[in-house]
> 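Pasting a structure below so you can have a look.
Order of the sequence lines fixes the chain letters, A, B, ..., with proteins taken first and strands second; residue numbering starts at 1 for each chain.
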2 protein chains.
Amino acid sequence: MSEKLTPMIQSCILHFGEMGSRWGINRTVGQMYALLVLSKEPLCADDITEALSISRSNVSMGLKELMSWELVKLQHRPGERKEFYSAPGDVWDIAKTLIEQRRKREIDPTLSTLRNLLIETPANAEEEYAQQRMREMHELIEMLTLWTQEIQRLDSAQLGKLLKLGNSIGKVLDMKDRLLGTTKKDATK
Amino acid sequence: MSEKLTPMIQSCILHFGEMGSRWGINRTVGQMYALLVLSKEPLCADDITEALSISRSNVSMGLKELMSWELVKLQHRPGERKEFYSAPGDVWDIAKTLIEQRRKREIDPTLSTLRNLLIETPANAEEEYAQQRMREMHELIEMLTLWTQEIQRLDSAQLGKLLKLGNSIGKVLDMKDRLLGTTKKDATK
DNA sequence: CTGTAATTTCAGTATATTCTGAAATTACAG
DNA sequence: CTGTAATTTCAGAATATACTGAAATTACAG
């Protein structure tokens, strides 16, 4: 990794590289993205090559991947062939894109697979039980997805206000509980 | 993979194996867990070995990993050395454990790393900018974590009611918007 | 157009991860 | 205790993933 990066920025890049590799994103791509997010100015491929000390071709492939996730924007400068890349300026935009993309790539296919298995007629008791679990999974995933989609509708200003207000989500949910006539309050446990 | 498994159950196991491998869980462990979730009765290591056609030692390591995630429960039968494993009977319990464990393993260390970098004094303009992004990330992650923690408090009965009620989350958030004096409603966009 | 500075592709290599079989260890029925 | 049926460990093999450099392609300034 380049000596041009300050230790602070290096640490952050390294951390997100590690995190990425735990989330099915390869380490280098994670580092590349951290670098882009932390940079005020757009970077060109050579900047990244130099900053992270990886090969030019690796950068090219990484950028291709980040583009396919719609996590980076491509920019041109007048009278220059070179391409410059930048991450959205708003962290919440980044998170929304990540959530959206993972939904498309993993959640939707999972829901579809489960649905296909659920329309089959169970051949025996085991399949009946298995289908019941699948039904529960489908229901749960669908609901959590709906939930996150609602949250994704918020723009970062609204989210900011929510944050400043402190943990009011608990209160909202409590209210919802009452609305639903929860049994929680009455339980001795 | 064993011929004892029906095609339906096989498909499900294969799908979750693939999904697992995209989420930093190895394919085989994902398959093992799917098998356990879909089985009504607890399984012993040899059952899994046979069902998935993988080596006994691989099963042992996989189970160890699932235990470390607290995703499986160990059971003994009187007068038998053999150990039997089972997944929680409630899908929401499984999801809550997954969320909780990932929080411990990934979110908490990330928040801690960011905090450590944020207490440093920025050495130059770049670091100042980078710190600002880190601050935003920290804020966002902290808030989303709080949010999920609130949701995790719900038991599966409450969650079920919420689900049956249809998408009321949107309404709750709208209400919250009004409470916060959102600008969304006024925007021409 | 043309030349060139850029990006992309891809086959081969390096690295990391996963899996296995054999040996060591452990738990407990008898 | 002891024997044995179980689990665990771990070094090495198999596999999968990531990375590189060289060659091919592309985009555009002039």
Side-chain angles (χ1 to χ4, degrees), chain A residues 1-2 13-14 16-36 42-69 72-86 105-106, chain B residues 1-2 13-14 16-36 42-69 72-86 105-106:
Chain A
M1 194 168 271
S2 160
I13 289 173
L14 287 173
F16 280 97
E18 290 312 316
M19 281 306 122
S21 70
R22 291 210 197 177
W23 282 80
I25 292 156
N26 101 34
R27 197 190 333 277
T28 318
V29 176
Q31 292 179 354
M32 285 176 53
Y33 200 58
L35 177 65
L36 284 167
L43 302 178
C44 72
D46 285 325
D47 293 335
I48 300 172
T49 299
E50 198 191 358
L52 303 180
S53 308
I54 58 180
S55 76
R56 181 61 184 74
S57 51
N58 200 359
V59 171
S60 181
M61 293 188 297
L63 286 171
K64 194 178 164 189
E65 172 143 19
L66 289 174
M67 289 290 281
S68 83
W69 283 78
V72 289
K73 213 176 58 186
L74 187 56
Q75 281 161 311
H76 280 106
R77 287 181 190 172
E80 248 192 303
R81 165 75 200 280
K82 206 173 276 193
E83 294 173 323
F84 290 83
Y85 295 85
S86 62
R105 291 162 190 236
E106 285 128 27
Chain B
M1 195 168 271
S2 161
I13 289 173
L14 287 174
F16 280 97
E18 290 312 316
M19 280 307 123
S21 72
R22 291 211 198 176
W23 281 80
I25 291 156
N26 100 34
R27 195 190 332 279
T28 317
V29 176
Q31 292 180 354
M32 287 177 52
Y33 200 58
L35 176 65
L36 284 168
L43 302 177
C44 72
D46 285 326
D47 295 335
I48 300 172
T49 300
E50 197 191 357
L52 303 180
S53 309
I54 57 179
S55 75
R56 179 63 183 74
S57 51
N58 200 359
V59 171
S60 180
M61 293 189 299
L63 286 170
K64 194 178 164 190
E65 172 142 18
L66 288 174
M67 289 290 282
S68 84
W69 282 78
V72 289
K73 213 175 59 187
L74 186 56
Q75 280 160 311
H76 279 106
R77 286 182 190 171
E80 250 193 299
R81 166 73 201 282
K82 206 174 276 194
E83 294 173 321
F84 290 82
Y85 295 85
S86 63
R105 291 161 190 238
E106 285 128 28

> Quick one: which of A:Leu63, A:Thr49, A:Leu35 gives a side-chain contact (heavy atoms from CB on, under 4.5 Å) with A:Leu43?
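Among A:Leu63, A:Thr49, A:Leu35, the one that satisfies the side-chain contact (heavy atoms from CB on, under 4.5 Å) with A:Leu43 is A:Leu35.
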> Are the side chains of B:Met19 and B:Ile25 in touch, meaning some heavy atoms are under 4.5 Å apart?
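Side-chain contact under 4.5 Å: no.
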> Output yes when at least one side-chain N/O atom of A:Ser55 is less than 4.0 Å from OP1 or OP2 of D:dG21, else no.
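So the side chain of A:Ser55 is outside the cut-off, no N or O lying under 4.0 Å from OP1 or OP2 of D:dG21.
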> B:Lys82 NZ to D:dA6 P: how many Å, rounded?
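One finds 5 Å between P of D:dA6 and NZ of B:Lys82, rounded.
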> Check the surroundings of atom CZ in B:Arg105: do more than 12 heavy atoms from other residues, nucleotides or ligands lie under 6.0 Å from it?
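Atom CZ in B:Arg105 is packed in, count exceeds 12.
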> What's the NZ-P distance between A:Lys64 and D:dA18, to the nearest Å?
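In whole Å, D:dA18 P lies 15 Å from A:Lys64 NZ.
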> Check whether any side-chain heavy atom of B:Met1 lies under 4.5 Å from a side-chain heavy atom of B:Ile13, and answer yes or no.
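Of all side-chain heavy-atom pairs linking B:Ile13 with B:Met1, at least one is under 4.5 Å.
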> Go through residues 22-31 of chain B and report each residue with a non-hydrogen atom lying under 4.0 Å from DNA chain D, sorted by number.
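DNA chain D contact set from residues 22-31 of chain B: none.
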> Rounded to the Å, how far apart are B:Ile48 CD1 and D:dA6 P?
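Distance, rounded to whole Å: 15 Å.
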> Quick one: does B:Gln75's side chain get under 4.5 Å of B:Glu83's, heavy atoms only?
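When only atoms from C-beta onward are counted, B:Glu83 and B:Gln75 do not touch, as no gap falls below 4.5 Å.
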> May I have the distance from B:Arg56 (atom CZ) to D:dC10 (atom P), rounded to whole angstrom?
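Between P of D:dC10 and CZ of B:Arg56: 16 Å.
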> Hey, does the side-chain of B:Ser57 have a donor or acceptor N/O within less than 3.5 Å of a partner on the base of C:dG21?
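In this structure, the two groups form a donor-acceptor pair.
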> Please give me the minimum heavy-atom distance between A:Leu36 and A:Tyr85, naming the atom from each residue.
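Where A:Leu36 meets A:Tyr85 most closely, the heavy atoms are CD2-O, 3.4 Å.
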> So B:Ile54, base contact, sugar-phosphate only, or nothing? Heavy-atom distance under 4.0 Å.
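B:Ile54: backbone/sugar contact only, no base atoms under 4.0 Å.
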> Which atom pair, heavy atoms only, marks the closest approach of A:Val59 to A:Met32?
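Between these two residues, the closest heavy atoms are O-CE, 3.6 Å.
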> Would a 4.5 Å heavy-atom cut-off, applied to side chains only, mark A:Phe16 and A:Gln31 as touching?
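With C-beta onward as the side chain, the pair stays apart.
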> With side chains defined as the heavy atoms from C-beta onward, is the minimum distance between B:Leu74 and B:Phe84 less than 4.5 Å?
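Not in contact.
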> Contact between A:Arg22 and B:Glu106 at the side-chain level, heavy atoms closer than 4.5 Å - yes or no?
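A side-chain contact under 4.5 Å exists here.
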> Heavy-atom nearest nucleotide on DNA chain D for B:Asp46 versus B:Met61: which residue maps closer to 5'?
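Result of the comparison: B:Asp46.
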> Expressed in angstrom and rounded to an integer, what is the separation of B:Asn58 atom CG from C:dT17 atom P?
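Checked: the CG to P distance equals 16 Å.
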> Pick out the pairs of N or O atoms, protein on one side and nucleotides 25-29 of chain D on the other, that lie under 3.5 Å.
| residue | atom | partner | partner atom | Å |
| --- | --- | --- | --- | --- |
| D:dT26 | O2 | A:Arg81 | NH1 | 3.1 |
| D:dT26 | O2 | A:Arg81 | NH2 | 3.4 |
| D:dA27 | O4' | A:Arg81 | NE | 3.4 |
| D:dA27 | O4' | A:Arg81 | NH2 | 3.3 |
| D:dA27 | N3 | A:Arg81 | NH1 | 3.4 |

> Taking atom OG of A:Ser60 and atom CD1 of A:Ile54, what is their separation to the nearest 0.5 Å?
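Going from the OG atom of A:Ser60 to the CD1 atom of A:Ile54 covers 10.5 Å.
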> Determine to 10° how strongly the helix from C:dC1-D:dG30 to C:dG30-D:dC1 is bent, judged from the axes of its five-pair ends.
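About 30°, once rounded to a multiple of 10°.
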> Specify the separation, in whole Å, of atom CE of A:Met67 and atom P of C:dT8.
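Spelled out: CE on A:Met67 to P on C:dT8 is 9 Å.
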